[in-house]
Amino acid sequence: MLFDDPNLQETIASVLVPVAVPGAYTYKVPAGQSVVPGTIVKVPLGPREVIGAVWDIEPDAAINPKKLKTISRVYDTTPPLDRDLRRFVDWVANWTLGAPGMVVRMVLRSEEALEPEAPIAGVRRIEGAAPDRSTPARQRVLATMEDGFAWTRSGLAHAAGVSASVIDGLIHQNVLEVVSMPAAPPPPKPQIDYATKALTPAQQAAVDGLIETFDKTGGSVCLIDGVTGSGKTEVYFEAIAEALRREKQVLVLLPEIALTEQFLRRFEQRFGVYPAEWHSEITPKNRARVWRGVASGDVRVVIGARSSLFLPFKELGLIVVDEEHDAAFKQDDRVPYSARDMAVVRGHLSKFPVILASATPSVESRVNAELGRYELFELPERATGAAMPDLHVVDMRLSGPERGRWLAPRLVHAIKDTFAAGDQSLLFLNRRGYAPLTLCRTCGHRFQCAHCSAWLVEHRFQKKLVCHHCGHFEKIPDACPACQSADSLVACGPGVERIAEEVSDLFPQARTLVLSSDLPGGPERLKREMKIVEEGGADIIIGTQLVAKGHNFPKLKLVGVIDADLGLAHGDPRAAEKTFQLLAQVTGRAGRVSGGGQGLLQTYNADHPVIRALMSGDKHAFYKAEVDARRVAGLPPFGRLAAVIVSGPDRAFAEGYARALARAAPNDAAVTLLGPAEAALAMVRGRFRFRLLAMAPRQFDLQSYLRTWLGRGPKPTKGLRVQVDIDPQQFL
DNA sequence: AGCACGCCGACT
DNA sequence: GTCGGCGTGCTC
């Protein structure tokens, strides 16, 4: 008899568990239960129990059978992760050189979602029953319940304008009964034709082109490159409508900061319902709801931050990556991945279109479009017909401000005119605080952070010296700590607070507002102040980076860039690109709605290619020059270039390892070793990084190439991380 | 002695 | 990633 053989009664399965090990672990399947690849399970792991996913059934286990533990729970009410998602997980793990179990952990981030949602207690009228005494409050409750439906206790109390104790009283008297109501009904579906908007011919042409790509059987990537205000969002909304028409789910990826109420409202205005949201701030309950809804197909559209890429969509048919150039799509810790690149991969694996959109695309996306890997849709004009802002250079060498001032006369005049016309001015300076450096006039002592050797930034409002890298702060001393001289400290250079001081000095009658991420009052206050600006309640805004995105300032006519050179001098290979993007985005906000905008860029490098490209208004000139420069320097986008980042808590060791890797690289690889400038933050967190850039042979399989290459180098030691940062497009 | 903290290895 | 084990060093 078959059943007498104990070996045949026992099935085993390999399970990805959330630990950083290279493969899956093997477990016994409990008798009477069945699992398939993708089944979500709970398994014992060391002293605890963890959630994992079955990856393979009947694997050839090379494990001592005595060691095998048994799956402790099979989540059979949750659909198993489908084949496409499993392939995606494997792909990402392989690409990031990370553990597949850690990738699957990103899929299974809501344990609550694996349980069916608990029904909520409701109350219902008992037919024919009446209270002993009829009070006005009780009458209101019963009148509210005329419809005969069940209500939640608090919902009913609120609707009838009574306290919950009135309801409890009626329950006690057997007038109302407690029933269990199904938890939240499935969310309403977006309506494809709820409020279609008239599109400009350019927008319509892009929409037509995007819709055509849905018929490409292998999927495709489209890049929408449109100036600020060109109506990119309306264009991809129509692509979303097309995906919905084809009964597919849609994911819109946004950088965390752009996930605003304003954006959700725009979606609601077009499709009649709010989309599901997914980001780090979402409550566990909603998180679970969205996860379940995505898996069951009840949720049709998700707007989310990068982690939403790992949601278990039932029938995903389109991913939109808005602001695709934004660095927030890159995750640096845990599994280091780029959500924009992995979105392209996911579309490729599941053969559906992926749309990248930006006013300032990343150089690599632009190159991919020019090489024909991506389809390119350009929107060179604003949808309203408003003109792009007039940009001018203020050459600080020729006509700068007097000593101790930061606004050149020309900029002051422009602000004055703008203010007189009742419009808004924005002064952009990507530097928080009052002054980036403080020194002693007597002995030259410079205030440095004890932990990370960065300069301490003076915050005059808070009367503190703050390290912007690690958050360390100290009180501003009265005397120099080195030479004890009193009243000898001077602030060097400007921060937003110092600009604000100069502005209120020059324009005491203007309503001035500083927008900076470190404002006392936190995000709440920031939200309020953004709203004030939107509604025209401020005349002159002094802001850091965060004014560059997300919010719409309809009254903004003038953008003054206090220091256009800031950021150009970094050792970061993307310094020029980042500066171009930031300045194009921030100046692009001037006159966005009604035109007539103006931008003034204060610079000491009027001949710098970035400044010249911005002035010419010809983005393509910038991209062309940048690609040429990188080709010469051997930097990305490389077409054939690979980047490997080495990081570890021990700076000297990480550097030595990176150098050894460079030596071990094959002869046909031209290797550049880059310093820590672009990883300053990682350094402070104790994860010093080095980046190797290498020209690789014409045709190669990245993973095997890297593995042999890495294999030739010294053995990675504990605590050292090696990660890849390469555009995967060419390996698909 | 008692425990707080940090490092290290195992986890099927 | 998380846990327990074990060593070091400091305190009630």
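Below, read A as the first sequence line, B as the second, and so on, with proteins coming before strands; counting in each chain starts at 1.
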Take atom CD1 of A:I57 and atom P of B:dT12, then tell me their distance rounded to the nearest Å. 22 Å
Rounded to the nearest Å, what distance is computed from the CG atom of residue A:N64 to the C1' atom of nucleotide B:dA10? 16 Å
Tell me whether the OP1 or OP2 atom of B:dT12 has a side-chain N or O from A:K69 closer than 4.0 Å. yes
Could you check how far CD of A:E49 sits from C1' of B:dC11, rounded to whole Å? 14 Å
Rounded to whole Å, the CD1-P distance (A:I51 to B:dC11) equals 21 Å
Whole Å only: how far is the CG atom of A:L68 from the P atom of B:dT12? 10 Å
Could you check whether A:E323 pairs with A:R340 (Lys NZ or Arg NE/NH1/NH2 to Asp/Glu carboxylate O, under 4.0 Å)? no
Whole angstrom value for the distance that separates C1' of C:dT2 from CZ of A:R334: 13 Å
C:dG1, C:dG4, B:dT12: which one has an atom nearest the side-chain heavy atoms of A:P47? C:dG4
Return the value, rounded to whole Å, for the distance between atom CD of A:E111 and atom P of C:dT2. 13 Å
For atom CZ of A:R48 and atom P of C:dG1, their distance in whole Å: 11 Å
Between A:E261 and A:Y274, is any pair of side-chain heavy atoms under 4.5 Å apart? yes
Check whether any side-chain heavy atom of A:E10 sits under 4.5 Å from a side-chain heavy atom of A:L68, and report yes or no. no
Side chains of A:E256 and A:S280 in contact at under 4.5 Å (non-hydrogen atoms): yes
